[in-house]
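Computed from a prediction, not measured in an experiment: that's the story for all the values here.
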Amino acid sequence: MRGGIMGQTQELGQIIILNGVPRSGKSSIVAVIQETFDGLWMNLGVDRFMQMTPARYLPGIGLRPGGERQDIEPFVPILYSAMYESIAAHSRLGLNVVVDVGHHDAYAIKRGVLADSARRLKGLPVLFVGVHCPIEIVMERRQNTGWNVGSTADSPIPHPVQLWQREVHIPGIYDLEVDTSLLSPGACAEMIRQYLADSPTPSAFQRLATHYT
């Protein structure tokens, strides 16, 4: 596993991108990685960037699928570009980065955010991890945390949530996939650790730059 330290080595920092729907368990995996992996790991995920975004532009890069906020959609690719440029800058300084996001392209029009993000990390060590969780468990977690906007008796699973589940689980785009309904955050992190040890140069994310639009 890479463990670059700024000022002591020119080694690039490792980047881990955890992609899944909200409440799929990504943040819990991030916490384990930051606490237990060797080296300094910076969390540059979606929640951090939403905290920096003015309220009138929220949810910003956390915008749900379905074309609900076409007024702010044009800003989303710009915000993602800034986010990924920051990720790249951290890696080039030798800092490891873990990123939890919910990439989708189910906006009112195709935005190509994922492909553009991949291009911005060209030449950097990236591990792209799909975080799975059955939609029924996601909905249970949403209800338990009081975050169940859009659910009705006739439609207990909001359409944007269904779209999100479909968009993040496109077959064949990940280096590694984990299922938080079957594994604890620690077990998921250990799978990631082992993958990095066995396969130090993952390439799935780089392929997205030309093959995912």
Distance col, row Asn19:CG vs Leu114:CG, nearest 0.5 angstrom, shows 7.0 Å

So, do Met139 and Arg142 sit near enough that their side-chain heavy atoms are less than 4.5 Å apart? yes

Separation between CG (Leu93) and CE (Met42), nearest 0.5 Å, reads 10.5 Å

### Query
Within a strict 4.5 Å, meaning less than it, do heavy atoms of the Pro158 and Val161 side chains meet?
yes

Is it true that Val76 and Met52 fall in one hydrophobic cluster, defined by side-chain heavy atoms closer than 4.5 Å? yes

side-chain contact (heavy atoms from CB on, under 4.5 Å) test vs Val138 passes for just one of Ile157, Val21, Thr180, namely Val21

- Task: Start with the C-alpha distance between Asp198 and Gln194, add both sets of side-chain angles, then the distance that settles side-chain contact (heavy atoms from CB on, under 4.5 Å), and finish with yes or no.
- Result: CA-CA 6 Å; Asp198 295 340; Gln194 192 60 51; 3.1 Å; yes

One should read off an interatomic distance between Arg141 CZ and Glu136 CD, to the nearest 0.5 angstrom, of 12.0 Å

I'd like to check Leu163 versus Arg64 (side-chain heavy atoms, cut-off strictly below 4.5 Å). Are they in contact? no

So salt bridge (Lys or Arg N to Asp or Glu O under 4.0 Å) across residues 72-82, not counting sequence neighbours, yields Glu73-Arg111

**Prompt:** Going hydrophobic residue to hydrophobic residue with side-chain gaps under 4.5 angstrom, can you get from Val32 over to Leu183?
**Reply:** no

Tightest non-hydrogen contact, residues Gly102 and Trp164, listed as O-NE1, 2.9 Å

Heavy-atom check, side chain of Asp116 versus side chain of Ser81, under 4.5 Å: yes

When you measure from the side chain of Trp41 to the backbone of Ile33, do you find a donor-acceptor pair of N or O atoms at a distance under 3.5 Å?
no

message: Quick check on the hydrophobic clustering: are Leu124 and Val99 connected, directly or via other members, by side-chain heavy-atom contacts under 4.5 Å?
response: yes

### Task
Anything under 30° is parallel, anything over 60° is perpendicular, the rest tilted; go ahead and classify Tyr107 against His104.
tilted

Separation between OG (Ser24) and CG (Asp100), nearest 0.5 Å, reads 8.5 Å

Note to self: Taking atom CD as the centre, does Glu35 end up with more than 12 heavy-atom neighbours from other residues, nucleotides or ligands that are less than 6.0 angstrom away?
What the structure shows: no

Transitively linked via ILVMFWY side-chain contacts under 4.5 Å: Met191 with Ile29? yes

Residue pairs passing the side-chain hydrogen bond (donor to acceptor under 3.5 Å, both in side chains) test with at least one member in residues 83-94, sequence neighbours excluded, are Tyr84-His103, Glu85-Arg120

Separation between CD (Glu140) and CZ (Arg23), nearest 0.5 Å, reads 13.0 Å

Taken in chain and number order and not counting sequence neighbours, the residues that satisfy ring pair (Phe, Tyr, Trp, His ring centres under 6.0 Å) with His132 are His169

Check: Val131 main-chain N/O paired with Lys26 side-chain donor or acceptor under 3.5 Å
no

Those residues at least two apart in sequence (or on a different chain) that pass side-chain hydrogen bond (donor to acceptor under 3.5 Å, both in side chains) with Glu190 are Arg193

Could you tabulate the donor-acceptor pairs under 3.5 Å formed by side-chain atoms of residues 53-63, not counting sequence neighbours?
| residue | atom | partner | partner atom | Å |
| --- | --- | --- | --- | --- |
| Thr53 | OG1 | Phe49 | O | 2.7 |

Separation between CG (Leu18) and SG (Cys188), nearest 0.5 Å, reads 9.0 Å

Exercise. Consider only side-chain N and O atoms of Ser199 and Asp175, and report whether a donor and an acceptor are under 3.5 Å apart.
Key: no

Between Pro160 and Pro65 the two heavy atoms that sit nearest each other are CB-O, 3.5 Å

Non-hydrogen side-chain atoms of Leu196 and Leu127 separated by less than 4.5 Å: yes

| request: Give a yes or no on whether the backbone of Asn96 and the side-chain of Gln14 come within a donor-acceptor separation of less than 3.5 Å. | output: no

Using modelled atom types and a 3.5 Å cut-off, is there a donor and acceptor pairing between side-chain atoms of Glu167 and backbone atoms of Gln162? no

Applying ring pair (Phe, Tyr, Trp, His ring centres under 6.0 Å) to Tyr174 and not counting sequence neighbours gives Phe128

- Can Tyr195 be reached from Val129 by stepping across I, L, V, M, F, W or Y side chains whose heavy atoms are under 4.5 Å apart? yes

Check your understanding: Side-chain contact, heavy-atom cut-off 4.5 Å: Phe37 with Ile16?
Key -> yes

Item checked: Pair Asp47, Gln51: side-chain N/O donor-acceptor within cut-off below 3.5 Å -> no

Smallest heavy-atom separation, Asp179 atom then Ser181 atom, equals OD1-OG, 2.6 Å

